[in-house]
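Comments concern the structure below.
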Number of protein chains: 2
Amino acid sequence: MDGPLSTRVTSQSAAATHTVDCVVFGFAEGELRVLLVRRAVAPFAGEWVLPGGAMAADQTLEETGQRVLRELVGVSNLQLTQVATYSAPDRHPVRRVVTTTYYALVRPEHHTPAARGYLSEAAWHRLTELPPLGFDHRELLDDAHLRLIQHLRTRPLAFALLPDDFTLSEIQQLYEEILGESLDRRNFRRKVLAYDFLIDTGVKRSGVKGGPAVYRSDPALLHRALTAPHI
Amino acid sequence: MDGPLSTRVTSQSAAATHTVDCVVFGFAEGELRVLLVRRAVAPFAGEWVLPGGAMAADQTLEETGQRVLRELVGVSNLQLTQVATYSAPDRHPVRRVVTTTYYALVRPEHHTPAARGYLSEAAWHRLTELPPLGFDHRELLDDAHLRLIQHLRTRPLAFALLPDDFTLSEIQQLYEEILGESLDRRNFRRKVLAYDFLIDTGVKRSGVKGGPAVYRSDPALLHRALTAPHI
DNA sequence: TCAAAAGTGTTCGGGCTACACCCATGC
DNA sequence: GCATGGGTGTAGCCCGAACACTTTTGA
C-alpha cells in the first residue's frame with residue numbers, strides 16, 4: 001500500500017532492485033539435482049549461484065523467472081512455484097537487492113542447460129554434493145527444498161520430474177531422494193497406485209533385472225489429482 | 001541474481017516500489033476479525049484496505065511491516081509471518097508496486113488501533129462481513145487466511161490470539177472460527193490437552209453457565225511446541 | 001426447577017507400518 | 001544357476017471420528 005508518502009517512499013525504495021532466483025530441481029541417474037550457474041562477473045565471480053535476474057518493468061516476478069531461465073540457461077515453460085522473498089539490506093555486497101524465489105521441477109533430459117549472459121557455466125549438481133554458493137543462495141536453496149518436501153507430502157508433484165515412462169521403483173527412488181528417507185516398497189506401491197492416475201503400459205522394461213512393469217501417468221487424471229484435492 | 005546487467009536492470013526495476021501489507025488477525029467476542037484501515041487519499045480514497053507501506057532503504061520487509069503497523073495503527077511487536085509476494089504490473093492504478101504480505105495474530109484487547117498518516121480510520125472487521133477492499137487486497141487477505149489455516153492445522157498457533165486466561169470452549173470457538181468448521185468438543189479437548197502446555201489454574205469462570213475451568217498456557221512449553229516439532 | 005454449557009470414555013474404522021516369501025530377469 | 005530386483009498380502013497400531021449421559025451453574 002502507499003499514500004501521499006509516494007515521493008518520499010519511492011526515493012527510499014528506488015535503491016532496491018527486485019530479482020528472482022529459481023531453484024530448478026531435476027532427477028537423473030537416481031539422484032535429485034539442482035540447476036546451478038557460475039558467475040563470470042563480480043560480485044562472486046567464479047562462484048556457483050542460483051539462476052536469477054532482475055524483474056523487468058512490464059513483467060511479473062513469475063514471468064521474470066521464466067524469462068531468466070530461458071535467457072540464461074535455455075530452459076522454457078516451467079511451472080514456477082513461489083517460495084519466499086528475502087530482503088536483508090546487506091544480502092548483496094554492492095547494493096540493495098530484494099529477491100523472490102521460485103522452485104520448478106523439470107526432467108533434465110528435456111532441458112540441456114547452457115550458460116549465457118554473464119554466466120560462465122550452467123550445470124546440474126547433486127543435492128548431496130553442493131558446492132559453496134555465492135550470496136545467501138544456500139539458504140534460499142534449502143528453504144525451497146523444504147517447501148518442496150512440504151508440498152510433496154500432500155500432493156503427487158514428483159511426476160513432473162520423471163520421464164513419460166517409468167517403473168514404480170523409479171518413482172520410489174525419486175521420493176526417497178527428495179524426502180531424504182527410505183520407504184517400504186510394498187507400502188509405497190500401494191499408496192502410489194491408489195492415486196489411480198498410473199497406467200500400466202503392459203510393457204516390461206528390459207535391460208534391468210526383475211523385469212519391472214513400465215507405467216505412464218494419465219495427464220488428465222494427474223492434473224486432477226494435483227489441483228482438486230487440497231489439504 | 002544479477003551481474004553486468006546492473007545498470008540496465010536497475011533502471012528497469014527502479015520503477016517498482018516495494019511495499020508490505022499486513023493481515024492482522026484478532027479474536028474478540030467469539031469471532032475472528034481482521035484489522036483494516038480506510039484510506040484518506042487517492043487512489044482508493046475512502047476505501048478499506050490492509051495496513052501497509054513502502055519498504056525503507058535500511059529496513060527488511062519484516063521490519064517495514066512492524067514499522068508500518070506501529071506508525072499507522074499504533075500496534076507494536078507483532079510476530080509477522082511472510083505469506084507471498086504480488087507483482088502484477090497493473091495491481092496499482094498509478095505505478096508499479098510489488099507487495100509482500102505478512103500475517104500476524106494479536107489479542108485485540110492489547111492493541112487499540114488508531115488511524116494515523118494518510119488514514120481516516122482503523123478498525124476490526126469480522127471476517128464474515130468484510131467491506132469491499134481497495135487494490136487487490138481481498139485476494140491478499142484470502143491468501144493470508146488460507147496460509148493461516150494451513151499453519152494452524154500443524155501447530156498450536158492460535159494461543160497468540162487468546163487472553164492469558166481462557167476456557168477450553170473459548171479455544172474451541174477460536175479454532176472453529178479460523179477453520180470455518182465445527183469440531184467435536186470431546187475430541188477437541190483431548191487433543192488440545194495432549195499438547196500439555198495448558199495449565200489448569202484451578203479457578204472456575206463465574207458468570208457463565210456450567211462453571212468452566214480457566215486455563216492458562218505455559219509460555220515456555222508453548223514456545224517449545226511452536227518451534228520444535230516441525231511437520 | 002429448568003435450560004445451557006461443562007465434563008468425561010469407549011468404540012469403530014481407515015490408514016500407516018512392519019514384515020517374508022516367491023517369481024522374473026540379467027549376467 | 002545365481003544374484004538382484006520385482007511383485008504380492010496380512011496383522012498390529014495409532015489416530016481421528018462418532019457418539020450419550022451426568023454434573024454444574026445461571027437464570
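To find a chain, count down the sequence lines: A is the first, B the second, and so on, and within it residues start at 1.
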Handout entry: Flag, side chain of B/R155 to backbone of B/L226, donor-acceptor distance under 3.5 Å
Key =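 Side chain of B/R155 to backbone of B/L226: a pair is present.
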Handout entry: Polar side-chain atom of A/H92 near backbone of A/V98 as donor-acceptor pair, under 3.5 Å
Key =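 No.
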Distance in angstrom units between [X] [atom1] and [N] [atom2], rounded:
X      : N      : atom1 : atom2 : answer
A/Q173 : D/dG5  : CD    : P     : 10 Å
B/Y195 : D/dC15 : OH    : P     : 13 Å
A/I171 : D/dG6  : CD1   : P     : 12 Å
A/F188 : D/dT8  : CZ    : C1'   : 17 Å

Exercise for the section: Would you please name every residue forming a salt bridge (charged side-chain N to carboxylate O under 4.0 Å, His left out) with B/E170, sequence neighbours left out? Expected result: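 Once residues adjacent in sequence are excluded, the partners of B/E170 under the salt bridge (charged side-chain N to carboxylate O under 4.0 Å, His left out) criterion are B/R205.
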Handout entry: side chain to side chain contact (heavy atoms under 4.5 Å, CB included) between A/L193 and A/Y215, intermediate numbers included
Key = CA-CA 10 Å; A/L193 288 174; A/Y215 286 83; 3.9 Å; yes
Exercise for the section: Would you mind checking if B/R138 and B/E47 are paired as a salt bridge, meaning a charged N to carboxylate O distance below 4.0 Å? Expected result: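 Salt bridge absent between B/E47 and B/R138.
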Could you pull out the protein-nucleic contacts involving nucleotides 5-10 of chain C (nitrogen or oxygen on both sides, under 3.5 Å)?
residue	atom	partner	partner atom	Å
C/dA6	OP1	B/S169	OG	2.2
C/dA6	OP2	B/S169	OG	3.2
C/dG7	OP1	B/A213	N	2.7
C/dG7	OP2	B/R189	NH1	2.9
C/dG7	N7	B/R185	NH1	2.4
C/dG7	O6	B/R185	NH2	3.1
C/dT8	OP2	B/R189	NH2	3.1
C/dT10	O4	B/R190	NH1	3.2

Practice task
Determine whether the side chains of A/E176 and A/Q172 contain a donor N or O and an acceptor N or O closer than 3.5 Å.
Solution key: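 Side chains of A/E176 and A/Q172: pair found under 3.5 Å.
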